[in-house]
Structure formats: C-alpha cells, structure tokens
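Residues take their numbers from the sequence shown, with the count starting at 1. The structure displayed is predicted, hence computed values, not measured ones.
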Amino acid sequence: MDIVYQLVHGLSGLPAQESRLARFFLDNFAQIPDATMEELAAKAGVSPATLQHFARSIGCDDISDFIGQVRHQQQESSQQTPAAPMLGDAAWMDPSTLQALAKNAGVGSEILERFSHSIGRESSSDILGQIRHRLNDFSQQESRVAQTILEDVSFAASATIDQLATAAGVSPATITRFARAAGCDDIRDLRMKLAQASTPVSAGDMPAPWREKLGNVQHALNSQLCELLPSAMNQAIARLKQAKAVHIFSASAADTPFASLLQYRLLTQGYPANICQDGAMMSITASMLGKGQVLVIFAGSAPENSLIAASHQARRLGAELVIIGQEVGAFIHREDIHLPLKDTRYGALLVIDLLCEGIDS
C-alpha cells in the first residue's frame, strides 16, 4: 500500500475532520512511527476513536496498521530526510502559552479565537476542547457520551436527550450528569454550545464589522434552534396544515413585520391567512373564530390586555392557538402550542422558515 498516496487522496475524498487529519499526517510524516496513538490524538486534537476511524477510511485495519505502513514506507525510501519539529507542537500548545504569544504580538482575543478555529483547534472556552481535556476525568458512562459527541458533533448538537442517550448506550440521566460535568447548566446549554462549536464561520475578505455581524447572526440562530422543541414545532405545523383558516395577531408594532411575513408565506403556499394588529379588531375577529381555525400570536414583548382578552375569547370558542414569543405570566395556556423566541428578530425569522418549510414537506 502506498500510504502517502492514500493520505493525499484523503485530502479531497474524506469528510472535513478526516481531511484535516490527512493534512496533519502529511505535514508530520517523519514523526508518525515514533508516536503512540494517544500522542497522535493529542497532537491532532481528536479522540483515539476518530483516529481509528480515519485509519480504516484510508484502507488500514486500524491505527497500528497505519503506523506500520508509514514505518514500512519510510524504510523503503532511500532518501533520508531529517525530522522537522512536529507542527502540532506549535499548533496544539497549551492555551496559556498561545495566549501569551498572542499578547506579545499585539493580537486581540477575538483574532486569536478565529485563528485557533481556522487551524482546527478549539479555544479554551470551546466545549469540544473542554470535553477532550476532561476525557480522563469522566466516569466510564460519561466517557461513552463524550466519544459519541466527538465522533458526530452535528448529531449531538441537534439530538434530543433520549436520542443522544440511545446513541451512547447510556441512560438519559447520564446525559444530564455529563452535561454538568462538561461545565454546562443542562442538556439545552450543552446542545447550544455544541451547535456553536460545530458551525464554521467563513470570514473570507469581509470587513471586520461584517464578520462580527455574521458571528452574531449565527449565534442567534444556534441559540434559537436550541430553544425550540421539535415536538412543539411538529404540532404547530400539523395545526396549520389542518386549519380551515389561519388568523395572525401581533402583540406590538415590532411584531407586525413578522406577522405580515408569515401571512405572505402562507398565502403563497395556498393557505388562507388573515392578519390583525388593532386591539379592537382583534376582539371582533376572535369573536368569530371557532373549531378548525388557528390563531397564531406573535408576542416578542408583553401582550396588552386587549390581546390577552382576545386570546381567551378565541380559546373559549374552540380555536387552537400557536404562540410565538416569550412566556409571559398566565398568557399561555396548557392547550396552546408555545414556540419560544430566544432572539426576537432572527429567531422569529427562523421559526417562520421552519413552520412554512414543514407545511410544504
């Protein structure tokens, strides 16, 4: 086997994480035979399980076979090249040393974070870096959760607690314990941090304010996704699909553009939808609602008494409610479907997209 050819081919033929591993091994080819699997994993910033998977992806039995193939190819080569310092020694130095170098060079923390991400290295505040750093501190069950997350971060960022527990072969209670052990408040906080860590930010040649804006938008969308429950979203989609008519109320002027957008999207998809933003008209409209009709309320801010009264009236007459916004006191009832907004602007746009795409599917 020509192991160099397999590595070069892997640069373009493998998933992103394994492609970076192929580049890492090509850059440090001379040092591979003298390193253990644990040392390679630490230098490359991945788990041993990921190394094993990579070795099989390029045609080796396991990582030991891969190291043996590298050693064999080096022995066959007639050209002896002196070993250069492993690039990983610079790229994967401890965070405090890297921060000291950045400070001496006059580099700010934001640029340091982007640089670390660009070379495939998590920052000290990155949840993936924390999980890798604490692998030896976790219990046996928690380690299984950690390996499951590191092997498929995207899945872990969107999975429910039951799905993640099933994938790791542990109980949901273990997932909760792991989230706390990893420095998170709960499973929702863990999912949000995983979503942030797994979302690449491609800055390109954009001006700094644009890059900052892009980062803020992505953070808002990730936070909103972590706030939503798939079951609640599916129930809201089902209500809209089955509705004879949809009526949309907005709690304030700031909510009206999103109410208008949802109305437009529903109309273009063939679903009758009306919008109302005046308190008196809300009361009149609510009095004419009944079974088979759905009332969608955008409430990014606290609703006024007229909207609260109209919503109570709609419930009494049999209409079903979908409330998009923050939970305020007794405004939301148990039979309502609540889609919470973490971000009242980008979060509302994301919720509208998810609803309308779900209706079309």
**Request:** Using the salt bridge (Lys or Arg N to Asp or Glu O under 4.0 Å) rule, collect all pairs that involve residues 217-239, keeping only residues at least two apart or in two chains.
**Result:** R188-E227, R239-E320
**Item:** Cluster overlap L221 with L194, hydrophobic side-chain contacts below 4.5 Å
**Value:** no
**Request:** Please confirm whether the backbone N or O of H247 pairs with a side-chain atom of Q263, one donor and one acceptor, at under 3.5 Å?
**Result:** no
**Asked** What distance do T344 atom OG1 and L349 atom CG have between them, rounded to the nearest 0.5 Å?
**Response** 10.0 Å
**Message:** Between L164 and V170, is there a side-chain heavy-atom distance shorter than 4.5 Å?
**Reply:** no
**Request:** For residues F249 and L321, determine if any side-chain heavy atom of one lies less than 4.5 Å from a side-chain heavy atom of the other.
**Result:** no
**Item:** T285 vs N274 side-chain heavy atoms within contact, under 4.5 Å
**Value:** no
**4.5 Å side-chain heavy-atom contact, L350 and D343** = no
**Message:** Quick check: closest heavy atoms across V145 and A168, and the distance to 0.1 Å?
**Reply:** CA-CB, 4.0 Å
**Request:** Return each pair, listed once, that meets ring pair (Phe, Tyr, Trp, His ring centres under 6.0 Å) where at least one residue sits in residues 175-195; pairs must be two or more places apart or across chains.
**Result:** F138-F178
**Item:** R132 side chain vs L150 backbone, donor-acceptor pair below 3.5 Å
**Value:** no
**Prompt:** R315 and I332: which non-hydrogen atoms are nearest, and at how many Å?
**Reply:** NH2-CA, 4.3 Å
**Prompt:** Do you know the tightest heavy-atom contact between A251 and S301?
**Reply:** CB-O, 4.3 Å
**Same apolar cluster (I L V M F W Y, side chains within < 4.5 Å links), V246/L261** = yes
**Request:** Answer yes or no: does atom CZ of R180 have more than 12 heavy-atom neighbours from other residues, nucleotides or ligands under 6.0 Å?
**Result:** no
**Complete:** For A273 and L267, the nearest pair of non-hydrogen atoms, with its separation, is N-CD2, 3.7 Å
**Asked** In Å and rounded to the nearest 0.5 Å, what is the CZ to CG distance from F54 to L40?
**Response** 10.5 Å
**Message:** Is there a side-chain contact (heavy atoms from CB on, under 4.5 Å) between F25 and I3? Walk through the geometry before answering.
**Reply:** CA-CA 10 Å; F25 287 131; I3 196 67; over 6 Å; no
**Request:** Could you tell me whether the side chain of P303 reaches within less than 4.5 Å of the side chain of I297, counting heavy atoms only?
**Result:** no
**Separation of N222 CG from K342 NZ (nearest 0.5 Å)** = 12.5 Å
**Request:** Measure from the side-chain N and O atoms of S158 to the backbone N and O of S154, and report whether any donor-acceptor pair falls under 3.5 Å.
**Result:** yes
**Request:** State yes or no: do I248 and V351 share one hydrophobic cluster built from I, L, V, M, F, W and Y residues joined by side-chain heavy-atom distances below 4.5 Å, directly or via other members?
**Result:** yes
**Asked** Hey, mind stepping through L225 and L354 against side-chain contact (heavy atoms from CB on, under 4.5 Å) and telling me if it holds?
**Response** CA-CA 10 Å; L225 282 174; L354 292 175; 4.3 Å; yes
**Stepwise side chain to side chain donor-acceptor pair (under 3.5 Å) check, S231 with N234** = CA-CA 5 Å; S231 58; N234 291 336; over 6 Å; no
**Request:** Can you measure from CG (L355) to CG (L266) and round to the nearest 0.5 angstrom?
**Result:** 8.0 Å
**Prompt:** Can any side-chain N or O of D336 pair as donor or acceptor with the backbone N or O of H338 at less than 3.5 Å?
**Reply:** no
**Request:** Output, in order, the C-alpha distance, side-chain angles, deciding distance and verdict of side-chain contact (heavy atoms from CB on, under 4.5 Å) for M37 and Q52.
**Result:** CA-CA 9 Å; M37 180 178 68; Q52 295 284 16; 3.4 Å; yes
**Asked** Within a radius of less than 6.0 Å around CD of E335, do more than 12 heavy atoms belonging to other residues, nucleotides or ligands occur?
**Response** yes
**Prompt:** Which pair of non-hydrogen atoms, one from T174 and one from Q141, has the smallest distance, and what is that distance?
**Reply:** CG2-CB, 3.8 Å
**Prompt:** Given side chains that start at C-beta, do those of S64 and I67 come closer than 4.5 Å, heavy atoms only?
**Reply:** no
**Prompt:** What's the shortest heavy-atom distance between K244 and P272, and which atoms?
**Reply:** O-CG, 3.4 Å
**Item:** Step-by-step side-chain contact (heavy atoms from CB on, under 4.5 Å) determination, M281 to I284
**Value:** CA-CA 5 Å; M281 289 301 300; I284 295 173; 4.2 Å; yes
**Prompt:** Is there a side-chain contact between F298 and L262, using heavy atoms and a 4.5 Å cut-off?
**Reply:** yes
**Item:** From R265, K241, Q269, residue fulfilling side-chain hydrogen bond (donor to acceptor under 3.5 Å, both in side chains) relative to D360
**Value:** Q269
**Item:** Separation between CG of N216 and OH of Y346, rounded to the nearest 0.5 Å
**Value:** 8.5 Å
**Prompt:** Is there side-chain contact between I187 and T160, with heavy atoms separated by less than 4.5 Å?
**Reply:** no
**Request:** Spell out, yes or no, whether M233 and Y271 are grouped together once hydrophobic residues are joined by side-chain heavy atoms under 4.5 Å, including indirect joins.
**Result:** yes
**Prompt:** Is there a path of hydrophobic side-chain contacts, each under 4.5 Å between heavy atoms of I, L, V, M, F, W or Y residues, that connects F155 with I131?
**Reply:** yes
**Prompt:** Hey, what do you get for CD (Q69) to SG (C60), rounding to the nearest 0.5 Å?
**Reply:** 5.5 Å
